[in-house]
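Read through the structure below, which is laid out as structure tokens, and then see the notes.
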Amino acid sequence: MDRVAIVGASMTAFGDREGEWLRDLLAEAGAACLDDVGIDADAIDHLYVSNMASGELEGQTGAPNMLAHDLAAQPAYTARIDQTSSSGGAGIYAAWQSVASEASEMTLLVGGEKMTHKTTGEATDVIASLTHPVEYKHGVTLPSFAGLTARLYLEEYDAPRESLGKVAVKNHKNGVDNPKAQFRKEVDLETVLDSPIVADPLRLYDFCPITDGSAALLFCPESVARELTDEYVVVSGVAGATDTHVVHERADPTTMRGVVESSDQAYAMADRTPADVDFAELHDMFTILEFLQFEDLGFAEKGEGWKAIESGRTERDGDLPINTSGGLKSKGHPLGASGVAQAVEVYEQLLGDAGDRQLDDPEVGLACNVGGFGNCVTTTILETPEAE
Amino acid sequence: MTDQNDDTASDESELTAYRYSDGSITYPGHPRGPDGKDPVGTVDLTEYTAEVVTWTTSTATPPGVRQPNHLAIVEFDVDGRPVRALGQLEDGNVAIGDTVEPVYVDELRDPEAGIREPASQSWDGFRFRPVE
């Protein structure tokens, strides 16, 4: 079977894009992605938009058709992919399926969200609306799930509170070298640990910001990619999985079964193991999530993930760099765009286009995109065409 | 379902768990249990105490939610079967492992202030407080 390739990628600047709305952001990223490859929109067979809540946040629905018209991509088939915060990863899975099944020979995926016009409370409530009624009525938020889980993790595994703070320090440091990141400013550990409490024991700098932004990827069969360009990557593994909707029903809240299951399937599809992965983009919506995913992806034993930040393993010069883009923590988290933007970073690293944050000739990169509090997850493995 | 919940759902407590044929119990109940089959009965968790699994105090709360909002995941022991629930705490003076009991509250948050349609769900329920 012809492998599925990604031949183009783009992302807008993430942050407070005042005066620009979802329509503007999607069109900016989509057009830039087509320009990256140098093809016209009429080559697109399928167009997917990853988005969680444009209706709730902006009163704008029908985004895929809107984008198709703005890019002059009609009569392309369009669909909206909503899987909450993992809409981007789910979009990658859908785009891969469309090409692998030969339903489409050219699929454009654009993820985007407009959020900063809402107050923190309003945006938090829109995101928390994914919860079960017995959770929602208690005022639970995604940050409060993080606080509950962080307290349990620190206690169960005797991990120091400072280790979570070091994740924020690392990802802010990486974000300095990402011109598209929302925050391009280093923070020190003392600042992180002295910041206001948001969900005890987690503090302000343990959380990602509210963000506007969009990111895009262009998928086609590898045989078509070779005709278009010398610079492309292949999707060697992609899979998605779910965990319980009701978070407290999990026997171990520090294990994300969706991460375990989706990565097991993605590794099998790619014929890879965790040891083959050169770097990864993880869904650090909260610092604790970087530890949980690091373990559940098989990079460390259960309860040992925090030791990776202490030893420097996950730094940019470590043996397994995590979130070279700055992660959601520093780059920002425009819900539907985040999973797509993770893959944009992996794509740029594999092609040697990551600028000042470029790693030393990586061949295999992984992206893990998490929806809810691990409720639904997509894991994607990208490789250079000649990766061994 | 057994005769324990042949009555209408409105007679169920807001802390009613469902029991399934494999012996598992979940809160909330689901149309199919972990065994993939229909529930066979109910358990009123208000008759039990529970142990705090973990807790947090949330200071950044959405519209209509008290600030700060103390929350916990607690675990009931129903005849040797663990059943977990998430709920508000009366206050933040708890520790992991503390024993707590449910206390009824007729409105846990303002139904009119959030994004969810008020008529789509109930808003009363139980907070937890340490057993003296």
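Numbers restart at 1 for each chain; the letters A, B, ... are given by sequence-line order, proteins then strands. Predicted, not measured: the structure shown is a model, and the values here were computed from it.
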key: Stepwise side-chain contact (heavy atoms from CB on, under 4.5 Å) check, A:Thr84 with A:Cys376   = CA-CA 8 Å; A:Thr84 66; A:Cys376 32; 4.1 Å; yes

task = Heavy atoms only: give me the nearest A:Thr211-A:His333 pair and the separation to one decimal.
result = OG1-N, 2.9 Å

request  = For each of A:Thr119, A:Asp125, A:Thr149, tally heavy-atom pairs with chain B at distances under 4.5 Å, and name the one with the top tally.
outcome  = A:Asp125

key: Given A:Asp16, A:Leu22, A:Leu57, the one that forms side-chain contact (heavy atoms from CB on, under 4.5 Å) with A:Met115   = A:Leu57

request  = Name, in order of residue number, those residues of residues 46-56 of chain B that have a heavy atom at a distance of less than 4.5 Å from a heavy atom in chain A; otherwise write 'none'.
outcome  = B:Val53, B:Thr54, B:Trp55, B:Thr56

message = Is A:Tyr136 in contact with chain B via its backbone, its side chain, both, or neither, using a 4.5 Å heavy-atom distance?
response = both

message = If only side-chain N and O atoms count, and only distance matters, is there a donor-acceptor pair under 3.5 Å linking A:Glu290 with A:Asn171?
response = yes

Ion pair A:Asp296/A:Lys302, N-O distance below 4.0 Å = yes

key: A:Tyr205 and A:His172: CA distance, side-chain angles, deciding distance, side-chain contact (heavy atoms from CB on, under 4.5 Å) verdict   = CA-CA 10 Å; A:Tyr205 278 98; A:His172 269 269; 4.0 Å; yes

key: A:Pro133, part contacting chain B, at a heavy-atom distance under 4.5 Å   = both

query = Does NZ or CZ of B:Arg84 lie under 6.0 Å from the centre of the six-membered ring of B:Tyr27, at an angle within 45° of the ring axis?
reply = no

ask   = Looking at B:Ala72, B:Gly87, B:Ala60, which has the largest count of heavy-atom pairs under 4.5 Å with chain A?
value = B:Gly87

Part of B:Ile96 within contact of chain A (heavy atom distance under 4.5 Å) = side chain

task = Calculate, to the nearest 0.5 Å, the distance between atoms CZ and CZ belonging to B:Arg129 and B:Arg127 respectively.
result = 12.0 Å

query = Are any side-chain N or O atoms of A:Gln182 and backbone N or O atoms of A:Ile210, one a donor and one an acceptor, separated by less than 3.5 Å?
reply = yes

remark   = Bottom line for A:Ala150: the part with an atom under 4.5 Å from chain B's heavy atoms is neither

task = Considering only heavy atoms and a distance below 4.5 Å, find which of B:Ser120, B:Gly64, B:Ser58 pairs most often with chain A.
result = B:Ser58

task = Mind ranking A:Ile197, A:Val140, A:Leu148 by heavy-atom pairs under 4.5 Å with chain B and telling me who comes out on top?
result = A:Leu148

ask   = Given the rule in the side-chain contact (heavy atoms from CB on, under 4.5 Å) test, do A:Ser338 and A:Leu328 qualify, once you have shown the distances and angles that lead to the verdict?
value = CA-CA 7 Å; A:Ser338 288; A:Leu328 280 57; 4.2 Å; yes

ask   = chain B heavy atoms under 4.5 Å from A:Val126: which part of the residue, side chain, backbone, both or neither?
value = both

task = Examine whether an atom of A:Thr141 lies under 4.5 Å from a heavy atom of chain B, and if so say whether it belongs to the side chain, the backbone or both; otherwise answer neither.
result = side chain

key: Test: A:Lys137 cationic atom under 6.0 Å from B:Trp123 six-membered ring centre, within 45° of axis   = no

query = Are the charged groups of A:Lys329 and A:Asp284 less than 4.0 angstrom apart, N to O?
reply = no

remark   = Most heavy-atom pairs under 4.5 Å with chain B, out of A:Thr131, A:Leu202, A:Thr120, belong to A:Thr131

query = With only heavy atoms counted, which part of A:Val247 is less than 4.5 Å from chain B, the side chain, the backbone, both or neither?
reply = neither

